[in-house]
Colleague: 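The following block contains the structure, expressed as structure tokens.
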Amino acid sequence: SRDATSAMLERIEQDNVRFLRLQFTDLLGMPKNVAIPVKQAEKALTTGIGFDGSSIEGFVRIEESDMVLKPDLSTYTLLPWRSGEYAEARFVCDVYKASGKPFEGDPRYVLRRAMEDAAKDGYVFNTGPELEFFLFKMLEGRPTTQFQDVGGYFDLAPTDLAEDVRREIILALTEMGFEIEASHHEVAESQHEIDFKYSDALHTADNVISFKFAAKTIALMRGLHASFMAKPIYGICGSGMHTNCSLAKNDKNAFYDPDAPLQLSKTCMHFIGGLLKHAKAITRLANPTVNSYKRLVPGYEAPCYVSWSAGNRSALVRVPSPRGNSTRVEFRSPDPTCNPYLAFAAMLTAGMEGVRNEIEPPVGVDTNIYHMSIEERKGAGIETLPGDLHEANQALLADDLICRAFGPHVVEALTSVAEAEWDAYRTAVHPWELDRYLATY
Ligand code: ADP
Ligand code: MG
Ligand code: MG
Ligand code: MG
Ligand code: MG
């Protein structure tokens with residue numbers, strides 16, 4: 001509305017903002033932005049700012065490349081590392097075509113559609129992701145895989161040398177409006193986790209992008225590389241992005257029912273049923289890189305089987321113990337290379353199908369699945385997650401529900417990205433092969 005626009009313009013002036021960054025993401029979840037001088041603010045907030053979409057991954061064909069960015073006013077944030085006299089602020093934007101219609105290749109639009117669909121039944125989808133990352137040393141301007149510290153889970157200084165950097169990241173995020181709930185050293189050397197408060201999935205997805213951007217920026221200012229790669233080092237834990245999910249209805253947690261078994265509502269059980277039914281297709285969105293599949297292996301608290309449990313950390317879906325307003329299911333497969341808009345949209349679409357069709361989940365598995373034999377797993381009906389990117393993309397193509405929700409534009413673009421990536425990987429000769437075969441044959 002005109003009021004909201006003029007109030008925002010006033011705020012921009014009060015904050016002494018000189019540059020505005022108009023942010024959006026490509027299909028791979030890479031943040032892109034157009035920086036504009038503050039003089040253009042009024043135009044940006046009213047008609048939007050045009051850009052050429054043909055050079056953005058997964059966007060458009062060359063002949064229809066005129067795109068318009070429209071800022072979402074609720075995402076206004078000052079960038080703490082650019083404060084003072086020449087302040088800089090950013091908006092997350094929605095992408096429109098020259099015709100004025102929303103662009104179907106905009107990942108934020110894919111999630112907005114899924115959220116609007118759930119809203120028809122009165123539901124808001126809330127997500128709280130736990131992002132893990134490594135802090136690596138830089139050498140001559142390039143990231144290495146050299147540890148910055150040798151601490152372990154919940155270690156304190158003096159082993160946790162990264163504590164200062166983590167604190168600076170947290171301070172920056174707090175200035176950006178994040179509510180930080182916890183932060184700790186993770187299991188592996190140089191690995192960290194910072195948890196922020198959950199919100200509706202759209203704003204959480206915006207937050208995931210901002211989080212990674214802020215962490216990388218602050219780390220770089222200290223000469224370090226913050227890596228969100230899923231499995232940077234063989235033999236130690238990879239980095240996950242466990243996603244805690246719940247549905248709210250009339251501002252109440254719809255997963256909580258004090259009278260039900262485990263105090264989990266039917267809605268919650270059916271949501272789990274939907275998640276498990278579509279788990280293989282969701283994998284394509286939750287684990288989008290060749291490297292993602294090196295994390296989804298036994299032995300490192302990452303899931304590789306389709307199962308759920310109240311407590312068991314080898315399951316794909318775990319129900320953490322808090323109840324009441326904190327009742328949630330934790331989807332454990334995503335890693336921080338995912339495009340959060342697409343991953344959340346896939347999870348919500350699957351979960352809502354479970355809720356609407358009352359899909360009962362299979363019996364929960366409370367034993368460690370990694371210790372079961374193939375026969376035992378078969379007997380319990382436990383399926384395996386896709387083992388690589390190619391298999392995951394095939395699973396996406398086989399899933400009508402998710403394909404319909406995402407639309408042909410996105411599915412085709414995701415498929416061509418996956419095929420190109422998989423072909424490049426599968427035809428390359430890796431150091432492992434040379435080590436293994438060169439001398440022997
Ligand atoms: P873990 O015990 O698996 O390490 P954490 O404590 O690190 O879990 O993270 C829990 C996450 O769950 C936080 O981001 C928190 O905000 C989020 N969360 C809490 N309640 C809900 C809810 N009702 N819906 C979605 N997310 C929630
Ligand atoms: Mg955690
Ligand atoms: Mg915790
Ligand atoms: Mg963790
Ligand atoms: Mg967790």
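Computed from a predicted structure; not experimentally measured. Numbering starts at 1 and runs along the sequence shown.
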Colleague: Identify the two heavy atoms, one from Leu135 and one from Ala219, that lie closest to each other, and give their separation to 0.1 Å.
Modeller: CD2-CB, 3.9 Å
Colleague: In this structure, are over 12 heavy atoms from other groups packed under 6.0 Å from Glu181 atom CD?
Modeller: yes
Colleague: What's the spacing between Phe406 CZ and Asp399 CG if we round to 0.5 Å?
Modeller: 9.5 Å
Colleague: Would you please name every residue forming a side chain to side chain donor-acceptor pair (under 3.5 Å) with Arg332, sequence neighbours left out?
Modeller: Glu330
Colleague: Which of these, Val124, Asn207, Leu111, sits in a side chain to side chain contact (heavy atoms under 4.5 Å, CB included) with Leu202?
Modeller: Leu111
Colleague: So, Phe24 versus Phe51, ring centres under 6.0 angstrom or not?
Modeller: yes
Colleague: Rounded to the nearest 0.5 Å, how far apart are OG1 of Thr77 and CD of Gln23?
Modeller: 8.5 Å
Colleague: Please work out which of the three classes, parallel, tilted or perpendicular, describes the rings of His430 and Tyr425, given edges at 30° and 60°.
Modeller: tilted
Colleague: Between atom CD of Gln40 and atom NZ of Lys43, what is the distance when rounded to the nearest 0.5 Å?
Modeller: 6.0 Å
Colleague: Ion pair present between Lys97 and Glu104, side-chain N to carboxylate O less than 4.0 angstrom?
Modeller: yes
Colleague: Output yes when Asp106 and Arg113 qualify as a salt bridge under the 4.0 Å nitrogen-oxygen rule, no when they do not.
Modeller: no
Colleague: Quick one: ring pair (Phe, Tyr, Trp, His ring centres under 6.0 Å) partners of Phe211, sequence neighbours excluded?
Modeller: Phe196
Colleague: Not counting sequence neighbours, which residues clear salt bridge (charged side-chain N to carboxylate O under 4.0 Å, His left out) with Asp206? List them please.
Modeller: Arg108
Colleague: More than 12 heavy atoms of other residues, nucleotides or ligands under 6.0 Å from NZ of Lys249: is that the case?
Modeller: yes
Colleague: Any side-chain heavy atom of Phe344 within less than 4.5 Å of one from Thr204?
Modeller: yes
Colleague: State the CG-OH distance between Leu389 and Tyr293, to the nearest 0.5 angstrom.
Modeller: 5.5 Å
Colleague: Is the ring pair Phe133/His192 parallel, tilted or perpendicular, if the boundaries are 30 and 60 degrees?
Modeller: tilted
Colleague: Are Phe271 and Phe255, when compared by the centres of their aromatic rings, separated by less than 6.0 Å?
Modeller: yes
Colleague: Give a yes or no on whether Tyr76 atom OH has more than 12 heavy-atom contacts from other residues, nucleotides or ligands under 6.0 Å away.
Modeller: yes
Colleague: Of the non-hydrogen atoms in Gly223 and Met138, which two are nearest, and what is the gap between them?
Modeller: O-CG, 3.2 Å
Colleague: Does Lys231 count as lying over the ring of Tyr300, i.e. NZ or CZ under 6.0 Å from the six-ring centre, within 45 degrees of the axis?
Modeller: yes
Colleague: For Glu189 and Phe134, which heavy atoms make the closest approach, and how far apart are they?
Modeller: O-CE2, 3.3 Å
Colleague: After noting the C-alpha distance and the side-chain angles of Glu88 and Arg21, does the key distance pass the salt bridge (charged side-chain N to carboxylate O under 4.0 Å, His left out) rule?
Modeller: CA-CA 7 Å; Glu88 234 177 87; Arg21 284 171 181 255; 2.3 Å; yes
